[in-house]
Protein chains: 2
Amino acid sequence: MAKTGDRSRAVPGSPLDALPFALDRTSPVPLYYQLAQQLESAIEHGALAPGNLLGNEIDLSARLGLSRPTVRQAIQSLVDKGLLVRRRGVGTQVVHSQVKRPLELSSLYDDLETAGQGPTTHVLRNERVPAAADVAAALGVAEGSEVIVLERLRATHGQPVAFLCNYLPPDLLDLGTQRLESTGLYRLLRAAGITLHSARQTIGARSATAEEAALLAEKAGAALLTMQRTAYDDTGRPAEYGTHVYRASRYAFDFQLLVRV
Amino acid sequence: MAKTGDRSRAVPGSPLDALPFALDRTSPVPLYYQLAQQLESAIEHGALAPGNLLGNEIDLSARLGLSRPTVRQAIQSLVDKGLLVRRRGVGTQVVHSQVKRPLELSSLYDDLETAGQGPTTHVLRNERVPAAADVAAALGVAEGSEVIVLERLRATHGQPVAFLCNYLPPDLLDLGTQRLESTGLYRLLRAAGITLHSARQTIGARSATAEEAALLAEKAGAALLTMQRTAYDDTGRPAEYGTHVYRASRYAFDFQLLVRV
DNA sequence: TAGTGGTCTAGACCACACA
DNA sequence: GTGTGGTCTAGACCACTAC
């Protein structure tokens, strides 16, 4: 028989029972999303400890007054984030390790700002030029056609961190030098209604040329971290092509990955 | 009125109509997965060109004899892969740009092998040692407790590419030096039943020390690409901690990203 | 044998985009 | 308006795991 109401079993598995989930059906926020957020914060705050079982989806949905697919959608979004693991026949558990950031297509400006570094930007160049071969190929325009070139020096605490060279299709928008100095390029693109969708990146290293060394306050020959990136908007159109060099002594790429399944 | 059967409209949007979808309900492969694969290969082969609309989900499910949620699940999986874009009120479209690889937690060995480079590995060290502080912290074991240390030199075409230093919990498995020389570490872990789940990575650069230069056939002071990684299994337990250095002249990290939504 | 997640169905209503 | 995807429901049966 079903053991409904049988407290003697004293299941240790589900601290979820004590959690006060509050779902607001009048809110425009989807129910599965409300649930996912509350589960995530419960994990974040330790109310759901690593290894804890969530309890089966049927009971959970009954208790929350939601249908099972809705509950599954919430759980699935956290599985995708790497916070939960499902095992058929076993249950859904909180992952042990701390997963924080999946790799994001983030701008250097945002990275530094998030790290509390108070980045500053100096625009060295902002003009329209004929596209060189590599730029034309990356942006999908004809060689020699006009593109915007942007050269910026980024610093934190008064010390240079990176030299950024970016190319943009000419019709996208005109970027005010002032605005470029007060925020990041990606934020400007987003504000202009361009939603980035994907990007192709290459990260490498090389020795600094004399010019780069001078710009970045390094010695000639110092190791630099390099990144080339082409970013595409959600129609698949190239929105930006950039070649960046970072002082290896002051910057590194740091991120979390989930294994493809 | 509905325009069912009205051919005069000559909708140009859905080349999907001509596609021969074959769903096998007796197969153990889920229906949504069968559909997703066939859609993906249609995109791959150009039967569905970039910008093409898929046609609405209701009609599609009716035509395929599937329910709408099942069709949505198939479409969603391709959206997650970055092949399709959905727009409410508009439809589902094939993305223009070629999206190939999302960033994977791949091993260097696999990377090189995929690139047809025929990698070789020389094991320099494979023994048990007391864990140093950083290693102990990364693997979540006590400082001074026994761990496996692995030092390998990887080459392609007879030229060194990278020096790999890895640490593993001692109870995981014993790695035969022979097997290590014939395949990648991650493949061995997988074969031992360890499924990797996530990893934390830092990619940076620095100048080569004299020893590194000698090992990698570079000049002292040459720019090297560095990577530190801690990989976790699906219970969140650290499975591997590694510090790798790559010859910048022969290797770079190359990958595709999707923007988080 | 019992319990779990994995898959699937056949509907419903809503929010948003575009003409 | 009309059509699209976004969300949600209330069931069903299956496959796998553990006991």
Side-chain angles (χ1 to χ4, degrees), chain A residues 1-4 6 9 11 13-14 16 23-37 52-80 84-94 193 195 234-235 261, chain B residues 1-4 6 9 11 13-14 16 23-37 52-80 84-94 193 195 234-235 261:
Chain A
M1 294 294 288
K3 296 219 176 184
T4 313
D6 183 354
R9 218 176 144 204
V11 180
S14 196
L16 214 62
L23 298 172
D24 177 7
R25 281 179 183 272
T26 70
S27 160
V29 178
L31 293 172
Y32 78 88
Y33 193 80
Q34 294 183 37
L35 176 55
Q37 280 192 317
N52 280 170
L53 284 166
L54 244 59
N56 80 61
E57 298 171 349
I58 312 277
D59 289 354
L60 187 53
S61 52
R63 203 160 64 74
L64 295 172
L66 295 173
S67 70
R68 186 182 168 206
T70 302
V71 171
R72 276 183 64 82
Q73 193 174 1
I75 292 176
Q76 187 57 47
S77 71
L78 298 186
V79 170
D80 290 341
L84 299 177
V85 184
R86 290 201 226 240
R87 296 169 202 273
R88 169 146 50 175
V90 179
T92 303
Q93 309 185 55
V94 180
T195 53
D234 54 8
T235 71
V261 188
Chain B
M1 295 295 289
K3 296 219 176 183
T4 313
D6 183 354
R9 219 176 143 203
V11 180
S14 196
L16 214 61
L23 299 171
D24 176 7
R25 281 179 183 272
T26 70
S27 160
V29 178
L31 293 172
Y32 79 88
Y33 193 81
Q34 293 183 37
L35 176 55
Q37 280 193 317
N52 281 169
L53 283 166
L54 243 60
N56 78 62
E57 299 171 349
I58 312 277
D59 289 354
L60 187 53
S61 52
R63 203 160 64 75
L64 294 172
L66 295 173
S67 70
R68 187 183 170 207
T70 301
V71 171
R72 275 181 66 81
Q73 192 174 1
I75 292 176
Q76 187 58 46
S77 71
L78 297 186
V79 170
D80 290 341
L84 298 176
V85 185
R86 297 169 127 136
R87 296 169 202 273
R88 170 146 50 175
V90 179
T92 303
Q93 243 176 331
V94 180
T195 53
D234 55 8
T235 71
V261 188

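Lettering of chains follows the sequences in order, A, B, ..., and the numbering in each one begins at 1.
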Looking at every heavy atom in both B/R25 and B/L31, which two are closest together, and how far apart are they?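 Heavy atoms only, the tightest pair is NH1-CD1, 3.5 Å.
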
Tell me whether the side-chain N or O atoms of A/R68 pair up with the base of C/dG6 as donor and acceptor below 3.5 Å, since no angle test is needed here. yes

At their closest point, which heavy atom of B/D24 faces which heavy atom of B/T26, and how far apart are they?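 Minimum heavy-atom contact is OD1-OG1, 2.6 Å.
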
Can you see which heavy atom on A/A36 is nearest to which on A/L78, and at what distance?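 Minimum heavy-atom separation between A/A36 and A/L78: O-CD1, 3.7 Å.
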
Would you indicate, yes or no, if D/dT4 has its OP1 or OP2 atom less than 4.0 angstrom from a side-chain nitrogen or oxygen of B/T92?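 For D/dT4, OP1/OP2 do not have a side-chain N/O of B/T92 under 4.0 Å.
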
Check the distance between C/dC8's P and B/L23's CG and give it to me in whole angstrom. 10 Å

Closest nucleotide of DNA chain C for B/Y32 versus for B/G89: which of these residues is on the 5' side? B/Y32

What is the distance, rounded to the nearest whole Å, between atom CG of B/D24 and atom C1' of C/dT7?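 Between C1' of C/dT7 and CG of B/D24: 15 Å.
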
Under 4.0 Å between a side-chain N or O of B/S67 and OP1 or OP2 of C/dG11? no

To the nearest 0.5 Å, what is the distance between CG (B/L23) and CG (B/L64)?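 Atom-to-atom, B/L23:CG and B/L64:CG are 6.0 Å apart.
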
Identify which nucleotide among D/dT9, C/dT4, C/dT7 has an atom closest to any side-chain atom of A/L66, counting heavy atoms from C-beta outward. D/dT9

Measure across A/S77 and A/A74 and return the closest heavy-atom pair with its distance rounded to 0.1 Å. OG-O, 2.7 Å

Quick check for you: to the nearest 0.5 Å, what is the distance between A/I75 atom CD1 and A/L35 atom CG?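 A/I75 atom CD1 to A/L35 atom CG measures 7.0 Å (nearest 0.5 Å).
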
Side-chain donor/acceptor contact of A/R25 with base of D/dT7 under 3.5 Å: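 Side chain to base: no pair below 3.5 Å.
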
Within the structure shown, what part of the strands sits under 4.0 Å from B/P69 by heavy-atom distance: base, sugar-phosphate, or nothing? base

Starting at CD of A/E57 and ending at C1' of C/dG3, how long is that distance when rounded to a whole Å? 12 Å

Between C1' on C/dT7 and CD on B/Q73, what's the gap in Å once rounded to a whole number? 7 Å

Mapping A/V29 and A/V90 to their closest nucleotides on DNA chain D, which lands nearer the 5' end? A/V29

For the helix from C/dT1-D/dA18 to C/dC18-D/dG1, measure the angle between the helix axis at one end and the axis at the other, each built from five pairs, rounding to 10°.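 Its terminal axes enclose an angle near 20°.
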
Counting the atoms with a prime plus P, OP1 and OP2 as sugar-phosphate, which does B/R87 contact under 4.0 Å by heavy atoms, base, sugar-phosphate, or nothing? sugar-phosphate

Please state how far atom CG in A/L35 lies from atom P in D/dT9, giving the value in whole angstrom units.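 Rounded to whole Å, this separation is 11 Å.
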
From CZ of B/R72 across to P of D/dT4 the rounded distance in Å is 14 Å

Indicate, with a heavy-atom threshold strictly under 4.0 Å, whether A/L31 touches base, sugar-phosphate, or nothing.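 Sugar-phosphate, no base atom in range.
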
Could you tell me if the side chain of B/V94 sits less than 4.5 Å from the side chain of B/L84, heavy atoms only? yes

Indicate the atoms forming the closest heavy-atom contact of A/V29 with A/Q34, along with that distance.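 Heavy atoms only, the tightest pair is O-NE2, 2.9 Å.
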
Rounded to whole Å, how long is the line connecting atom CD of A/Q76 with atom P of C/dG6?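 Whole-Å distance recorded here is 7 Å.
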
Which nucleotide wins on minimum distance to the side chain of A/P30, given the candidates D/dT7, C/dG5, D/dG6? D/dT7

Does a side-chain N or O of B/N56 approach OP1 or OP2 of D/dG3 to a distance below 4.0 Å, or not?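 B/N56 to D/dG3 OP1/OP2: no side-chain N or O under 4.0 Å.
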
Between P of C/dC14 and CZ of B/R88, the distance in whole Å: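 Rounded to whole Å, this separation is 13 Å.
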
